[in-house]
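Chain identifiers are assigned alphabetically (A, B, ...) following the order of the sequence lines, protein sequences preceding nucleic acid strands; residue numbering begins at 1 within each chain.
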Number of protein chains: 2
Amino acid sequence: MTYNKITAPILSEIKQIIGNEYVVTDTADLERYSHDETEDLRYYPEVVVKPQTPAEISALLKVCNQYLIPVTPRGAGTGLSGGSLPVMGGLVLAMERFNKVLNVDEENLQATVEPGVITEEFMNQVAAKGLFYPIDPASKGSCFIGGNIAHGSGGPRVVKYGTIREYILNLEVVLPSGEIIWTGANTLKYASGYNLTQLFIGSEGTLGVITKAVVKLIPAPTADALMMASFNSNEAACVAVSAIFRAGIVPSTLEFMERKGVQWVIDKDGLSFDMKPEDAAFLLIEVDGTNVNVIFDECEKINAVLEQHGCTNVLFAESAAQKEELWRIRRTMGVSVKSNSVYKEEDTVVPRAALPQLIKGIKQIGSSYGFESVCYGHAGDGNLHVNIVKANMSDADWNTKLKDGIREIFELTVSLGGTLSGEHGIGFVQKDFMPIKYSPVHFELWRGIKQVFDKNHILNPSKIFNS
Amino acid sequence: MTYNKITAPILSEIKQIIGNEYVVTDTADLERYSHDETEDLRYYPEVVVKPQTPAEISALLKVCNQYLIPVTPRGAGTGLSGGSLPVMGGLVLAMERFNKVLNVDEENLQATVEPGVITEEFMNQVAAKGLFYPIDPASKGSCFIGGNIAHGSGGPRVVKYGTIREYILNLEVVLPSGEIIWTGANTLKYASGYNLTQLFIGSEGTLGVITKAVVKLIPAPTADALMMASFNSNEAACVAVSAIFRAGIVPSTLEFMERKGVQWVIDKDGLSFDMKPEDAAFLLIEVDGTNVNVIFDECEKINAVLEQHGCTNVLFAESAAQKEELWRIRRTMGVSVKSNSVYKEEDTVVPRAALPQLIKGIKQIGSSYGFESVCYGHAGDGNLHVNIVKANMSDADWNTKLKDGIREIFELTVSLGGTLSGEHGIGFVQKDFMPIKYSPVHFELWRGIKQVFDKNHILNPSKIFNS
């Protein structure tokens with residue numbers, strides 16, 4: 001696809017649609033829209049616009065379609081796969097002014113929210129009414145719910161509460177043609193034609209621009225318990241993960257952390273967590289519900305399973321402050337690891353019981369290529385984030401050989417029944433690895449779907465696959 | 001689209017692929033494949049084949065694509081929207097020999113199952129290992145899990161456990177081209193390109209033929225309680241539904257039944273349920289979990305909510321036998337109603353709190369058109385099955401005017417934020433009503449998607465929409 005540049009006359013049309021003050025063209029101001037949280041990639045848009053209404057987006061998309069201008073929708077820019085990078089230049093649609101929770105419907109346990117609302121703010125607003133939205137990625141304090149929907153984002157509670165797919169009931173989207181539609185209905189069940197809502201979830205802004213979401217809410221749990229379990233090896237911790245579910249318990253979170261990740265958080269943030277020399281890996285396990293006695297019972301059962309599976313110590317959080325501190329270790333791990341070294345983060349996911357093989361294999365691949373890695377993630381879902389850190393690897397090897405090592409990690413992931421990404425999306429940086437898992441038939445279907453929605457391929461080009 | 005008939009040479013090719021004994025051509029034998037459970041519709045296929053492997057289906061689809069023969073996949077034939085009717089003739093692919101549970105993976109809490117397995121048999125097989133698959137439509141004793149997936153089927157437990165979309169992780173499908181693919185990965189999370197698994201769920205056999213499904217399982221609840229609550233009006237019962245959730249409780253089922261439906265079951269099956277003269281409607285409410293005390297607490301809370309909302313009596317089931325009897329009332333209601341009268345069943349779904357308006361409006365529409373209706377369904381999901389019974393309506397009115405009345409019901413449903421079907425699918429009988437909810441833009445997108453998967457429109461033609 002050949003795209004055009006945004007010329008002065010086109011810019012003038014754009015400004016007429018949304019007004020001068022919401023059009024950014026100054027290079028210094030464009031900088032923050034040139035990157036997300038994916039490594040150190042920089043792609044500058046030609047122009048950033050900040051629309052506030054679906055009608056404005058509709059008009060903008062019509063103009064961009066007419067002149068073949070690439071359009072990249074952008075949430076908070078917290079993505080880890082380069083999904084919001086304007087790699088072909090053109091227009092960035094910054095959704096930050098779509099920042100309102102339009103309605104919290106306590107009768108139906110539903111909310112209608114704009115995509116530029118910060119996930120945690122949304123959670124807090126519904127929590128104030130005793131309701132619960134459980135999808136909270138580590139970046140919940142800064143990411144937008146629209147980005148979460150576009151990337152199929154998860155977070156620690158998916159293991160008990162299900163994926164974001166179960167909570168997004170209906171979407172208002174602007175199609176590249178400028179048409180504005182609701183994808184489905186505001187209902188808990190839906191069997192009325194091809195499910196466009198589900199198709200948009202995880203489509204990474206390549207099929208349309210999300211402008212409203214109707215979200216399912218549930219009654220909030222009223223109590224929880226948190227424990228941190230120590231193990232002498234990564235594999236032992238991973239083996240214990242499956243055993244907990246086999247014992248009939250579904251924790252509300254079940255997170256894995258490698259020692260080095262914990263160490264870096266402690267060093268950086270000065271957290272007071274007493275790590276023993278023999279501790280190699282940790283599971284952070286939360287149980288929630290509405291009855292304290294049941295929660296204690298489940299903790300005891302989990303404790304018994306952990307003891308049978310080589311756990312060397314279990315720390316029960318005894319106060320809200322201690323819970324918060326343990327959660328901070330997990331939640332800030334990504335940032336800590338990244339501030340310590342040049343890195344690349346991969347988001348592997350396998351069937352839960354394959355985790356021990358996965359982590360063992362990752363370390364073996366690291367050894368053979370000479371890179372180190374820090375692994376952590378949502379072990380209960382089989383979802384392991386692999387942070388490859390440059391450490392002592394030479395620049396030459398980092399820039400050339402590393403990609404082969406990453407390829408081996410994904411080949412291993414796929415051979416274990418997994419796939420490339422569980423919750424970060426494919427975006428720009430993982431798309432070259434997609435043929436490891438998917439056949440030309442898959443690409444043909446995906447390209448066909450893309451073509452149905454976006455005939456001129458103006459929307460977020462070069463993402464997920466080359467269209 | 002113009003299709004061809006299955007000529008003798010084509011039939012010969014078909015027989016070569018799967019062997020004479022699995023090809024049905026005798027009219028008497030074709031009869032059972034000419035209908036499902038949708039009213040009294042009859043469409044005869046030209047030929048029925050009973051393949052056993054994806055490779056056989058692949059070869060069959062290639063032949064049918066070459067000669068432009070319509071192909072209708074068929075599960076158990078328990079559908080309520082005519083989805084498996086071969087309305088254009090051609091070949092019926094009877095999936096009854098795909099009847100094996102291939103694997104129950106206790107390590108990962110997953111199972112791999114063929115589509116022709118009866119849902120209840122699958123549930124029992126996983127239950128024998130302490131595991132739980134919660135998606136059980138009323139027809140669970142006869143329907144196939146493949147049909148459930150193709151129709152996005154639900155059942156009473158969706159209200160707590162989520163829809164079938166949350167349980168189907170990966171599908172093996174044969175595309176109309178003959179290509180065989182897995183749609184995704186065997187993982188609990190998935191953010192790796194357009195989600196083909198979700199697209200196939202609810203696509204009613206129009207995009208490909210499901211040949212294997214990887215299913216998520218969960219630990220089984222170990223205890224439950226069941227109560228039947230009586231109300232003096234439909235609206236009072238429906239108002240109580242939302243109130244239960246607002247009290248912070250998520251029952252495992254929350255079913256609504258109108259008096260007449262209960263009466264017909266009692267009359268037909270001789271069940272001993274003591275219905276009082278003033279009882280107009282009932283809620284069948286189940287709570288499940290792992291702790292009996294918590295369940296009792298929740299029952300008490302529900303009881304309090306019911307009392308505040310005009311409930312006149314609550315019957316707690318005191319034995320497994322009594323639970324079974326109460327469930328039989330609900331589960332056999334569809335069959336009882338249908339055996340009492342000529343009928344049409346519509347599957348409406350609205351946001352939960354709109355149920356009182358929906359049922360009131362349905363009765364008003366019935367009055368103005370002169371038809372009676374018996375309503376029941378998954379009230380916790382806002383999912384109401386409307387059985388329109390002919391009763392005293394004249395044949396002329398039944399055959400001509402009724403459709404306008406049904407149209408009004410769907411217009412009301414849509415005006416309340418709902419859609420045409422929550423779990424029965426659109427199939428053949430509801431497709432004319434789709435424009436009530438969906439715009440030409442939706443149809444254009446759906447037709448585009450259909451075209452991507454099925455260039456010659458051979459697969460289940462004339463379903464969901466006219467392609």
Task: Side-chain donor-acceptor pair present, B:S421, A:S192, cut-off under 3.5 Å - done: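 Judged by distance alone, the side chains do not pair up.
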
TODO: Could you verify whether a donor N or O on one side chain and an acceptor N or O on the other, from B:Y190 and A:T163, lie under 3.5 Å apart?
DONE: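 Side chains of B:Y190 and A:T163: no pair found under 3.5 Å.
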
Under 4.5 Å from a heavy atom of chain A, the part of [X] involved:
| X | result |
| --- | --- |
| B:L175 | side chain |
| B:A220 | neither |
| B:V349 | both |
| B:T290 | side chain |
| B:D297 | side chain |

Task: Heavy-atom side-chain proximity of B:V414 to B:K437 below 4.5 angstrom - done: yes

Interchain contact, [X] with chain B, by part (heavy-atom threshold 4.5 Å):
| X | answer |
| --- | --- |
| A:E298 | side chain |
| A:E423 | both |
| A:Y438 | side chain |
| A:E107 | both |

Task: side chain to side chain donor-acceptor pair (under 3.5 Å) between A:N383 and A:D347, intermediate numbers included - done: CA-CA 7 Å; A:N383 186 196; A:D347 174 41; 2.8 Å; yes

Task: Rounded distance (nearest 0.5 Å) linking atom CG of A:L171 with atom OG1 of A:T197 - done: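 A:L171 CG to A:T197 OG1: 5.5 Å, rounded to 0.5 Å.
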
Open item on the list: For a side chain to side chain donor-acceptor pair (under 3.5 Å) check, start with the C-alpha distance between A:Q198 and B:R165, then their side-chain angles and the critical distance, and finish with the verdict.
Closed with: CA-CA 9 Å; A:Q198 293 294 329; B:R165 295 187 174 279; 5.3 Å; no

